[in-house]
Amino acid sequence: MSDNVVHLHKDNLAPEPVNVTTLTVVPDPAPATPVPLWVRSGRAIRSAVTHETTKTTARALARHTLYVAGGARIAAKRTWDGRTASRYERMFRAAEAAGNHEMATEWEERGQHFREARHRRRMDLLHSPLDAAKGVAVSAGMGVGSLVALGVVMAVATKDVTQVVTPLMATIEFINLLITIVQVVWGPALAIGPFLALLALWGVGRHQQAAPAWALPANVRNSEGEPITPSIVVKALRDLGVPALRNAIKDMGDAGASMLGPIRIAGCGVEVDVTLPSGVSTIEVQNRRRKLAENLTRHEHEVFITIPQAARTVRLWVADSGALDEPIGPSPLVTDETMTADYAKGRAPWGEDLRGDAAALSLFQRHLLITGLSNQGKTAALRSLALWLALDKSVQFLMGDLKGAGDWRMFDGVATTLIEGPTDEHVIQVTEMVEGAVDEMNRRLQAPPGTKFPALIVIVDEAQVAFMCPAKDEDKRPYGGAKANSRYFMAVRKIHNQGRAVNVLMWQGTQDPTNENLPKLVREGAHTRASLALGTEQQARMALGDKAVDGGAAPNLLRPGLDKGTVVVASDGIAIPAGQASITVRTHYIDTAEATVIADRAKALRDGVTTLTVIERGEERDPLADIAAVLGDKPRLLTSDILKRLAALNEDAYGGWSFIDLTRVLDGTGAEAYKSDGRMVVSRDRLARALANRDANGSASADG
């Protein structure tokens, strides 16, 4: 320390002046507040208790202790059941509560037989001591006599009279040895016996998991995906929150499983029919689907509840945990390149039902509606049906894609008409396409009786765009809407009313069904109704109808985004289990590249179908421009196909055209028809130059 600095405690400062240059007073540091010992101990105890290892150890100790208590309880109950008629009483009450009087009578008879046999055994016990004594005396006498006789034989053989008692003495010595062994073993056996008994009880309790859930190991407490057994189903129903059901099961005791039919393996899950007790309605179980699934250690989407034909019965289908999140296999359309279709007799391979069986849909003379939320696989599911049907070369298609993202572009060359786009102009063209189908339907209806017509399938994807379209025609008639003057609505209704008779069918795909974008009369006109994931039960009723929803159909419970491609189907064109109104199908996903390959196979079956991609209106026609329009993006086109496309573009202007008319328009333009591979074609590039020259100097004539 420096001589010029003095450190003093403030409590001991001298009153006299101190001759120093610098005086620094350093106070004592404030003493730390002492922590009581009990506080430190409490913190240590709390830390130890909350430590994961400590908690695991405590849980294990409690678990194994409770295994012994639970095992004792189970052993006592089994002993009681074996010695009394309680088992028969429980089964009798269960059958009686379930209303099965025949089974109740059988259990009552079994109980009576058990009591009679028990009474005989007890009566036999009254006489058994005397009988036993007599038996022992007789046995002892015979035994001693036998031993003496054996001794006599030995004495005669050895000529030694002392051998007479040798067998008897040997027997006495053996008995004495046994007594000695028992005396030696008895003490340790008495000491070890209780421990062996506790070990046996522990084994029973451990096997039955006879401990509270909090004490069980984590892999047991979180036993997601555990096998579905009768006891698990009964417990799940008992804890469902339905008082009448809980009380009925309580009265049944352990025999609550009498409500259950056989648990059958059904695809990637199991299926069981549950006959509900009197006073419990099926709707009470249906409305608690989530709770039932959680009681079965499943997610809500892994449990389906349907209503079979039997009264007061629900059918539970419970998936293996995680099975529904696994994709199904590829479509047979992709794997079998030789597959063809038969519109009248065949069924489209659409996917798999929940049992894992192939789900095939008949399309013969059935209007179709498929709906669901956006981006759930609606277009892919609808397109897969069209791809299969395209492999029947007799089927004709008119298609309108009001999304216009190219999902249906592979049908160019298969469909007669393909309109793609989301605007009002596209809705107008699609409406006129559907009205053209109505005209074709009327022509067929007026044909001579017995005339056979090929199937004409009118497909409109994103049909809600058409119903919501505000555009009106020159007569102020709206294209959209659901009124009697709505052009699209009325055209669809006419096909629904009469098209089936002459194989003119309407297929529609739509999003998020409401009364505005899917009018009631239109949705009820479809024979096959399918729905992907929806938001509400009301939408489910709009999509599938009240009957299907009341029978257990619940597309609103599908998981948006996770259950893509899963549809709930109500149709007589698909195999539905007896008593059910719908079936859930996981559809095969066919991507755009695979769809293009399948469409190319369909094109190979057909003879040069010309697809019209635009419908022009108006009286003034420009034949040269119309020829360019029907050529589209094809480098060249057969003159016969050009004539067909021109007729489809405007029947009034070009319906009567022949090759001579086409030649007259093209002569002198530089785009005249020429031969390619022996057939007359028109070149797109030559026609484009002709149009460019005409626009530049007006030298090319296109008057017709």
Side-chain angles (χ1 to χ4, degrees), residues 390-399 408-420 429 432-433 436 439-440 443 454 456 596-597 599-704:
L391 297 176
D392 183 340
K393 64 180 181 180
S394 67
V395 178
Q396 303 171 359
F397 293 94
L398 300 176
M399 294 183 174
W408 297 85
R409 195 158 298 161
M410 68 286 301
F411 283 90
D412 188 356
V414 176
T416 305
T417 301
L418 176 59
I419 308 297
E420 298 178 284
Q429 294 188 31
E432 293 181 347
M433 177 190 76
D439 293 338
E440 171 63 15
R443 183 187 70 80
L456 175 61
T596 301
V597 173
D600 290 341
R601 284 164 34 203
K603 293 174 188 177
L605 297 174
R606 298 165 186 264
D607 187 15
V609 174
T610 300
T611 299
L612 181 64
T613 58
V614 64
I615 298 178
E616 296 289 344
R617 295 169 302 281
E619 296 181 0
E620 297 296 329
R621 311 299 308 179
D622 182 347
L624 200 61
D626 285 345
I627 294 171
V630 298
L631 269 168
D633 58 356
K634 297 185 180 298
R636 65 181 63 85
L637 196 63
L638 296 174
T639 54
S640 58
D641 287 344
I642 291 177
L643 292 173
K644 292 178 183 178
R645 291 192 176 200
L646 288 173
L649 180 66
N650 191 296
E651 178 68 23
D652 295 335
Y654 303 115
W657 268 37
S658 65
F659 178 72
I660 296 175
D661 298 302
L662 183 62
T663 301
R664 176 172 51 84
V665 171
L666 296 176
D667 277 347
T669 64
E672 295 85 352
Y674 64 95
K675 279 191 176 183
S676 176
D677 295 330
R679 305 184 70 179
M680 298 300 293
V681 298
V682 175
S683 169
R684 180 190 63 186
D685 293 340
R686 294 181 182 181
L687 189 60
R689 286 195 297 269
L691 285 171
N693 293 335
R694 185 190 68 177
D695 294 339
N697 51 36
S699 61
S701 174
D703 296 338

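These figures come from a predicted structure and were not determined experimentally.
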Ala599 and Met410 have their tightest heavy-atom pair at CB-O, 3.3 Å

Nearest 0.5 Å, what's the CD1-OG1 distance between Ile419 and Thr613?
-> 6.5 Å

How about Thr611 and Phe411: do any of their side-chain heavy atoms sit closer than 4.5 Å?
-> no

Quick one: closest heavy-atom pair of Leu643 and Phe659, and the distance?
-> CD1-N, 3.8 Å

Interatomic spacing from OG1 in Thr417 to CZ in Phe397 - rounded to 0.5 Å | 13.0 Å

Distance-only check: which donor-acceptor pairs under 3.5 Å involve side-chain atoms of residues 677-691, not counting sequence neighbours?
| unit_1 | atom_1 | unit_2 | atom_2 | d |
| --- | --- | --- | --- | --- |
| Ser683 | OG | Asp685 | N | 3.4 |
| Ser683 | OG | Arg686 | N | 3.4 |
| Arg684 | NH1 | Asp633 | O | 2.7 |

Hey, does Leu605 have a side-chain heavy atom less than 4.5 Å from the side chain of Asp392?
-> no

Are the side chains of Trp657 and Val665 in touch, meaning some heavy atoms are under 4.5 Å apart?
-> yes

Just wondering, do Ile627 and Leu666 contact through their side chains at under 4.5 Å, heavy atoms?
-> yes

Is a side-chain donor or acceptor of Lys603 paired with a backbone partner of Asp412 at a separation under 3.5 angstrom?
-> yes

Could you check if a side-chain atom of Asp667 sits within less than 4.5 angstrom of a side-chain atom of Glu672, using non-hydrogen atoms only?
-> yes

Do any N or O atoms from the side chain of Arg606 and from the backbone of Ala390 form a donor-acceptor pair under 3.5 angstrom?
-> yes

In plain terms, say whether Arg664 and Asp661 are close enough for a salt bridge, that is, a side-chain N and a carboxylate O under 4.0 Å apart.
-> yes

Interatomic distance, Leu456 atom CG to Leu398 atom CG [nearest 0.5 angstrom] = 4.5 Å

Which distance, rounded to the nearest 0.5 Å, do you find between the CG of Leu637 and the CD1 of Ile642?
-> 5.0 Å

